[in-house]
Amino acid sequence: MSVLDVLVWPAKVLETKADPVTTFDAGLKQFVANMFETMHDSGGIGLAANQVGDLRRVIVIEIPWSDSKYSEQEEKQEPWHDKRWVLINPEIIKKSGKIRWQEGCLSFPEIFDFVDRAAEVWIKAFDENGKEYEVHANELFSVCIQHEIDHLDGVVFFQRMSRLKADIIKKKMLRRGPLNNA
Ligand code: NI
């Protein structure tokens, strides 16, 4: 396994729509393993392939509960905590309600802000073995899935905020300069 470079905005690939996975092979499994290692190394809870410069519709998510709560908004342990989720070619088949959560993103270091999303989503996706499954998500899992699917569509989180907030975030990011974006 290896840790991949996480690209930060304004990397073009973050605003490019990813393509569906058509081949489920050993190379894909290796890529998924590398994405988990990269996410753990960066201390994230979700990662989309765009963020490591790969335009396949692949997402990994793992939201820890056991040690410490990731967010003060999380109230109780849910069945989706502490599990490794692989979402390949994910599709939201139903959504309901509204939730407002303070989100962060590995491609926007040290930036956190509130985003409005659907409170619950029902999705279908494939795992790395090519097996299709459905899952219902609420709270942080729901927020995370919607954030990561946005990445696959080339949408970054400030596009879900007001123009004013988006401009502030863009300015902050551009002031940082091209730090780790070779
Ligand atoms: Ni993100």
Side-chain angles (χ1 to χ4, degrees), residues 1-67 70 78-95 103-109 117-118 120-157 159-160 178-182:
M1 289 203 294
S2 45
V3 174
L4 309 167
D5 285 334
V6 177
L7 303 177
V8 300
W9 190 86
K12 263 276 170 289
V13 69
L14 294 172
E15 294 183 77
T16 307
K17 194 175 159 97
D19 301 312
V21 169
T22 52
T23 310
F24 291 82
D25 58 7
L28 179 69
K29 284 185 195 173
Q30 183 61 57
F31 178 58
V32 166
N34 290 343
M35 281 184 65
F36 272 111
E37 191 169 8
T38 304
M39 180 177 73
H40 291 146
D41 183 68
S42 319
I45 57 170
L47 185 68
N50 309 50
Q51 295 179 276
V52 292
D54 191 302
L55 286 171
R56 280 179 283 182
R57 298 184 78 81
V58 177
I59 290 166
V60 298
I61 293 174
E62 187 173 359
I63 303 171
W65 173 266
S66 25
D67 297 334
Y70 187 80
E78 301 279 354
W80 42 258
H81 278 113
D82 295 326
K83 284 199 178 119
R84 288 186 173 210
W85 295 95
V86 177
L87 290 76
I88 297 174
N89 302 344
E91 273 180 61
I92 295 174
I93 48 184
K94 188 180 155 195
K95 30 169 108 175
E103 298 184 16
C105 181
L106 292 176
S107 297
F108 291 81
R117 299 202 186 263
E120 293 177 76
V121 292
W122 287 258
I123 63 137
K124 61 176 182 179
F126 293 86
D127 68 15
E128 69 271 46
N129 299 307
K131 188 172 181 293
E132 193 171 23
Y133 68 94
E134 291 188 12
V135 67
H136 163 247
N138 62 351
E139 298 206 358
L140 183 53
F141 189 36
S142 172
V143 168
C144 191
I145 286 174
Q146 292 171 80
H147 177 115
E148 302 307 335
I149 290 178
D150 269 356
H151 274 305
L152 300 183
D153 291 329
V155 174
V156 291
F157 71 159
Q159 289 170 258
R160 300 287 183 198
L179 282 181
N180 53 354
N181 247 350

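From a predicted model like this one, the values you see are computed outputs, not experimental measurements.
Glu37 places a side-chain N or O within donor-acceptor distance of the main-chain N or O of Ser2, the cut-off being under 3.5 Å. With hydrogens and angles ignored, the 3.5 Å screen pairs no side-chain donor or acceptor of Arg56 with any backbone N or O of Val21. Of the possible donor and acceptor atoms, one in the side chain of Asp127 sits under 3.5 Å from a partner among the backbone N and O of Asn129. A donor-acceptor pair under 3.5 Å links the side-chain atoms of Asp25 to the main chain of Gly27, judged by distance alone. Remark: side-chain polar atoms of Thr16 are not paired, donor with acceptor, to backbone N or O of Gly154 under 3.5 angstrom.
Here Ala125 pairs with Leu87, Pro90, Ile123, Tyr133 under the side-chain contact (heavy atoms from CB on, under 4.5 Å) rule; sequence neighbours left out.
Residues Met35 and Val86 have side chains not in contact (no heavy-atom distance under 4.5 Å, counting atoms from C-beta outward). Side-chain contact between Arg57 and Lys17: present, with at least one pair of heavy atoms (C-beta onward) separated by less than 4.5 Å. The shortest distance between side-chain heavy atoms of Asn50 and Leu152 falls below 4.5 Å. Taking 4.5 Å as the limit, some side-chain heavy atom of Leu140 sits within range of a side-chain heavy atom of Ile45. Looking at Thr23 and Leu28, their side chains never come closer than 4.5 Å, going by heavy atoms from C-beta outward. Using a 4.5 Å heavy-atom threshold, the side chains of Ile149 and Glu91 count as separate. Taking the side chain as every heavy atom from C-beta outward, Leu7 and Gln51 never approach each other to under 4.5 Å. No side-chain heavy atom of Lys83 sits less than 4.5 Å from a side-chain heavy atom of Glu78.
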| request: Start with the C-alpha gap between Trp80 and Val135, add the side-chain angles, then the distance that decides, and say whether side chain to side chain contact (heavy atoms under 4.5 Å, CB included) holds. | output: CA-CA 9 Å; Trp80 42 258; Val135 67; over 6 Å; no
| said: Is there a side chain to side chain contact (heavy atoms under 4.5 Å, CB included) between Phe31 and Val52? Walk through the geometry before answering. | reply: CA-CA 10 Å; Phe31 178 58; Val52 292; 3.9 Å; yes
| task | Start with the C-alpha distance between Phe24 and Lys131, add both sets of side-chain angles, then the distance that settles side chain to side chain contact (heavy atoms under 4.5 Å, CB included), and finish with yes or no. | result | CA-CA 10 Å; Phe24 291 82; Lys131 188 172 181 293; over 6 Å; no
| query | Under the salt bridge (Lys or Arg N to Asp or Glu O under 4.0 Å) criterion, do Arg117 and Glu103 qualify, and how do the steps go? | reply | CA-CA 11 Å; Arg117 299 202 186 263; Glu103 298 184 16; 2.7 Å; yes
| query | Yes or no on side chain to side chain contact (heavy atoms under 4.5 Å, CB included) for Glu120 and Glu139, after CA distance, side-chain angles and deciding distance? | reply | CA-CA 7 Å; Glu120 293 177 76; Glu139 298 206 358; over 6 Å; no
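Using a 30° and 60° split on the angle between ring planes, Trp65 and His81 fall in the tilted class, from 30° to 60°.
When all heavy atoms of Phe141 and Ala137 are compared, the pair lying nearest together is CD2-CB, 3.4 Å. Here the closest non-hydrogen pair linking Val6 and Ser42 is CG2-OG, 3.8 Å. Closest approach of Cys144 to Ile63, counting heavy atoms only: CB-CD1, 4.4 Å. Residue Ala118 comes nearest to Ser142 through the heavy atom pair O-OG, 3.3 Å, listed as atom of the first residue, atom of the second, then distance. Of all heavy-atom pairs spanning Trp9 and Leu14, the tightest one is N-CD1, 3.4 Å.
Between the side chains of Gln146 and Asp150, not a single donor N or O lies within less than 3.5 Å of an accepting N or O. Lys124 and Asn89 are not linked by any side-chain donor-acceptor pair at a separation below 3.5 angstrom, with hydrogens and angles left out of the test.
Atom CD of Glu134 is separated from atom NE2 of His136 by 12.0 Å, given to the nearest 0.5 angstrom. For the atom pair NE2 of His151 and SG of Cys105, the computed distance is 3.5 Å after rounding to the nearest 0.5 Å. Between the CD atom in Glu128 and the CZ atom in Phe36 there is a gap of 7.0 Å [rounded to 0.5 Å].
Shown are Ile59, Thr38, Val58; of these, the side chain to side chain contact (heavy atoms under 4.5 Å, CB included) with Leu47 is made only by Thr38.
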